[in-house]
Structure formats: structure tokens, C-alpha cells
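In what follows, every heavy atom counts, from backbone to side chain, and hydrogens, waters and symmetry copies are set aside. Convention: sequence-line order gives letters A, B, ...; per-chain numbering from 1.
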Amino acid sequence: MAMQLRNRLRLVLLAGVMATLFIVDTVTNYEVAAAVFYTIIILTAAPLLTRRTLILLATLCMALTALSFVLTHKGNLPTGLANMSVSIIAIVMTTWLILKMDAARQDAQDAQAKLMRVARIKGLEGLTTSIAHEINQPLAAIVTSGNACSHWLAHDPPNLDRARQALERIVHDAGRASTIVARIRSLSRGEAPHKTVFTFNDAVQEIIGVSRGEMERHGITLELELPPDQPPVHADRVQIQQVIGNLLLNAIEAIISSTNPVRTIHMASDVRGNVLRLSIRDSGVGIPAGIRNHLFETFWTTKEDGMGIGLSISRTLVEANGGQISAEPVEPWGALFCFTVPVAQQDQHQ
Amino acid sequence: MTDDCVVYVIDDDSSVRAALEDLLASVGIRVLAFDTTTAFLTHGMEDVPGCLVLDVRMPGQSGIDFHRSMAGLGINLPVIFITGHGDIPMGVDAIKHGAIEFLTKPFNDQTLLDAIQNGISMDQERRRTKAEGLALHTLWSSLSAGEQDVARLVVRGLLNKQIAAELNVSEITVKIRRAQVMRKMDAQTLPDLVRLTEKLALSS
């Protein structure tokens with residue numbers, strides 16, 4: 001809300017500058033090319049506007065330049081004509097360059113996002129394959145030795161010596177399997193959180209920044225309730241951002257796969273005692289009854305191409321940072337995901 | 001069938017190797033286990049019926065690659081694949097290339113033992129056919145050229161008179177050669193001879 005207000009204020013201010021420019025351009029001689037400064041307006045306003053409004057603004061600037069030319073009657077007419085042309089060309093060029101740059105930036109962002117996702121999925125695929133292989137070796141040995149053992153015991157008379165040897169191998173291989181499991185667990189636990197004190201809403205805004213393109217593409221409206229003046233939090237900024245990104249991506253995907261004409265994501269942060277809570281509510285497909293209890297389990301997914309790790313990783317990260325994560329369906333549609341982060345204590349401020 | 005046959009196991013994992021050796025030993029099957037395909041090739045094969053239990057994923061040459069190269073190396077052993085992480089396309093591919101079974105670790109021992117019995121029977125059958133073919137060839141080459149000509153026409157159902165006309169010899173000669181063929185090929189009746197020559201055609 002605060003952000004939108006600030007943007008609106010900036011636009012009003014720019015309109016004022018624009019009016020002043022128009023007056024200066026009109027009252028001064030033809031020789032004074034004040035209209036060139038419209039490019040500054042366009043450059044300043046560009047980040048706040050969509051493509052279409054930017055083009056509209058440029059057209060308006062050109063129209064004003066032409067109007068000034070018509071209204072001005074002082075000075076050398078050919079110079080005035082030349083100055084007007086130069087101004088208009090400058091406006092067109094500036095606008096065109098901005099649009100080009102924007103498109104390039106968008107492309108770069110898309111490519112990066114895609115790459116990150118692919119790298120993540122590919123990495124995990126490779127990981128699960130090798131985990132399965134690693135674990136299955138001792139398991140196969142254990143099962144086979146177990147079978148051999150019962151064969152030895154079934155002999156008449158039972159071959160106790162060989163049976164005992166088989167049992168010893170089983171114990172050894174079980175130990176090996178549990179070593180592998182321990183190694184995987186330490187792997188998935190990842191690095192210990194690197195906690196710092198930071199402004200929570202800034203971290204949220206950064207993630208929104210990278211996801212905005214995705215939301216716009218799918219016609220999703222984002223409602224934000226991120227009040228300023230919240231106390232800073234103490235957590236691993238990158239890990240918390242991973243969680244926000246994960247939840248936001250889930251919300252976007254839930255909306256994409258829903259037929260609901262309402263396409264909104266509502267994000268709000270509020271302070272609750274000594275924690276700060278972020279809630280993300282979407283108007284998507286929601287949480288089917290009966291799967292709520294499985295939501296945060298590893299390898300549990302309802303998505304066709306899902307791995308079932310996003311939410312489980314999110315929970316691990318939130319808990320590693322001293323917070324909690326929860327999910328619930330919302331009436332009449334959609335889902336609500338919340339997680340908390342501890343507010344920084346006085347002695348943690350540096 | 002278990003007394004004179006051998007199962008070759010190639011798996012890089014020593015636990016799996018030890019367990020398989022023990023399992024097969026416990027049901028009285030002789031095992032030779034190797035950690036790489038190279039070690040197996042260096043050791044060589046015994047001249048007894050057998051089959052090969054092959055791990056898919058191994059450092060160095062993979063089981064799948066080795067399976068493909070076996071025909072070129074003149075190894076005709078039936079192959080049973082075992083794998084720690086098998087997917088369906090891989091299994092289908094292996095079966096298409098002639099593997100008799102594709103088992104995912106950890107596997108059921110009975111399934112493996114059945115596959116091994118099956119593999120050994122197949123190898124016994126293959127060896128028997130091969131030996132029979134060889135023996136039959138020896139018998140066939142003991143026939144003189146004239147006798148072979150008569151034999152070919154006899155099994156086509158021609159009468160002695162017709163054979164004599166065809167080969168441009170007397171009917172008496174045909175009768176003598178025919179008797180020789182039956183004796184040398186150890187055939188009691190005409191259908192016997194037909195069956196033997198059919199086998200010859202198959203194995204030649």
C-alpha cells in the first residue's frame with residue numbers, strides 16, 4: 001500500500017514537471033529546445049509504467065512538443081522546426097531503447113528462472129538415482145544373505161556354521177545401509193543457517209520482484225499488506241527467501257491449474273509477539289481434503305511433474321531458523337500458507 | 001542338473017557378491033564371482049552348462065555394454081540382469097537384446113533361483129543341440145558324395161526308380177547306397193532319416 005502511494009506521488013510530480021516543461025517550451029523562442037527534456041520524464045517514469053502506458057506517455061510528449069511549436073510565435077521558424085524534429089526523434093529513440101532494454105531484461109530473467117528450475121530438478125534426479133542405488137546394494141545383500149541363511153538352516157542337519165556367517169554378513173550390511181542413510185540425512189540437512197538481522201519485508205519484496213513477471217504473464221493480481229516499521233528478524237536471509245519463493249511459486253502454480261476467474265495472491269506480514277508471520281493466500285485449486293496431513297512430507301506430491309520436495313524443504317528451512325510453517329484450505333477457494341520467523345532480540349542487533 | 005554346471009556372478013559390490021555366492025552355495029549351485037567383466041574374461045569359462053548373473057551398473061564396463069559385446073566374444077551364456085536402480089525402458093531394452101530376466105535389487109531369491117535354473121536349462125539345451133549337430137555333421141560327412149546325393153533325394157520322397165533316373169545310375173546302385181545311408185546315419189526308418197537331415201539343415 002505504502003509503495004503504491006509513493007509511486008502515485010511520483011507520477012503526479014512528473015506530471016507537474018511535464019506541465020512546466022510545456023509552458024517553458026511554449027513561451028520561449030523557437031531556438032530554445034526545451035522539449036528535449038521530455039526524455040527525462042520518460043526515463044524517470046519508465047520503471048513505473050507498463051509498455052502500453054509508456055508508449056502513451058511518449059505520444060503525449062510528442063503531441064505537447066508539436067503543440068508548443070504551433071503556439072510559439074517568436075524566433076526563427078526553420079530553427080524551431082529543426083528543434084521540434086530533434087526533440088521528437090529524441091523522444092522516440094528514448095522510448096524505443098527503454099522498451100528494447102526491458103524486453104531483453106525480461107528474456108534474461110525468464111531464461112535464468114528456467115535454468116534454475118531445471119538445474120534444481122536435474123540435480124535432485126541424479127541425487128535420488130544414486131541414493132536408490134547406494135541403498136539398494138546393502139539391501140539386496142541383506143535379503144539375499146537372509147534367504148541363504150534360511151536355506152542353510154533347512155539343510156538336514158542344519159548347517160549352523162554357514163547360517164551364522166550369513167547372519168554376520170547381514171549385520172555388517174545393515175550397518176553399511178544405516179551409514180548411507182546418515183550420510184544422506186546430513187546432506188539434506190544442508191548447511192547450518194547463517195543467521196543475520198534483516199528487514200523481513202525487504203526480503204519479501206526482492207522475491208516478489210523476481211516473480212512479478214511470472215504473475216503478470218498469468219494475469220495474477222498481487223495484494224500486499226507489508227506494513228513498514230516492523231522489527232527486524234534474525235534468520236538466514238537466503239533460506240527464508242527460498243521458502244518465500246517456494247510458497248509463492250506454489251501459489252502461482254495453484255492458480256494456473258485452477259479455473260477460478262478470481263486470480264489473486266494475497267501476501268501479508270504481521271508481528272505476533274516475538275515472531276513475525278508471513279501469510280500467503282491464493283485463489284487456486286486449494287488443498288484437497290485428506291492430504292493436508294501429508295503436505296509437508298518428503299516425496300509426497302499431487303503435481304504430475306512434482307518431486308514432493310518443495311514443501312518438505314520449506315519446512316526444514318523454516319524450522320532450522322526457529323520458525324514454524326502451516327497450511328490450511330480457505331473458503332470459498334484457495335489455500336493459505338503461513339510461516340514464522342523470530343524477531344531479532346536486542347543483543348542480536350549489530 | 002546342479003552337479004555339473006556353474007553360475008558366473010559379476011557385481012562390483014562385494015556384499016552382494018558374497019551374499020549371492022552363499023545363496024547359490026546353500027542350494028548346491030557352484031558359483032564363480034567376479035568384480036569386473038575384465039576379471040571374468042581373464043578367468044575364462046568352464047566347459048559346462050552355466051548362466052551369467054550380471055550387475056547393470058559397474059565402474060569400468062557396464063553390464064549392459066558387456067551383454068551387447070558378448071556375441072562378438074563368442075559367449076553364449078544366458079544372462080540375468082540385477083540392478084540397484086532399474087527403470088522399465090532399461091529392462092525392456094535388456095530383454096530385447098536377449099537377457100532372460102531383469103531383476104531389481106533387492107530381489108526375491110526364488111525369482112532369481114528360478115531364473116538361474118531356467119538359464120542353465122537353456123544353456124544345457126543349447127549345448128546339447130550344438131553337440132548333436134556336430135555329431136550329425138560327422139555322420140553326414142562319412143557318407144560318400146554319391147550316398148549324400150541319394151540321401152537328399154530319398155528324403156524328398158522320390159522312389160528308387162526316380163532317383164536312379166535323376167542321378168543317372170542303376171536302380172541297384174541306388175538300393176545299395178540307400179542301405180549304406182541308413183546304416184551310417186544310424187536311421188531305422190525313412191522318417192528317422194528325414195528328421196536327422198532336417199536337424200542337419202537347421203544346424204548347418
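The distance from the OG atom of B/Ser15 to the CZ atom of A/Arg169 is 9.0 Å, given to the nearest 0.5 Å. Note that CG of A/Asn147 and CG of B/Asp22 are 11.0 Å apart. Values are rounded to the nearest 0.5 Å. Atom CG of residue B/Leu23 and atom OG of residue A/Ser145 lie 8.5 Å apart, to the nearest 0.5 angstrom. The structure places OG of B/Ser14 at 9.5 Å from CD of A/Gln137, a figure rounded to the nearest 0.5 Å. In this structure, CZ in B/Arg57 is found 10.5 Å from CG in A/Asn136, a value given to the nearest 0.5 Å.
Of the two parts of A/Arg162, the backbone and the side chain both hold a non-hydrogen atom closer than 4.5 Å to a non-hydrogen atom of chain B. Only the side chain of B/Asp13 comes within contact range of chain A, with at least one heavy atom under 4.5 Å from a heavy atom of that chain. Only the side chain of B/Leu113 comes within less than 4.5 Å of a heavy atom in chain A; its backbone stays farther off. Only the side chain of A/Asp173 comes within less than 4.5 Å of a heavy atom in chain B; its backbone stays farther off.
Contact residues of residues 189-196 of chain B toward chain A are absent (heavy-atom distance under 4.5 Å).
Shortest non-hydrogen contact noted between B/Phe107 and A/Thr144 is CE1-OG1, 3.6 Å.
In this structure, A/Asp107 places its CG atom where more than 12 heavy-atom neighbours from other residues, nucleotides or ligands lie under 6.0 Å away. Within a 6.0 Å sphere centred on CD of B/Gln162, other residues, nucleotides and ligands contribute more than 12 heavy atoms.
Side-chain contact of A/His151 with B/Asp109: a donor-acceptor pair under 3.5 Å is present, judged by distance alone.
The salt bridge (Lys or Arg N to Asp or Glu O under 4.0 Å) pairs that include a residue from residues 31-45 of chain B number zero, where partners must be two or more places apart or lie in different chains.
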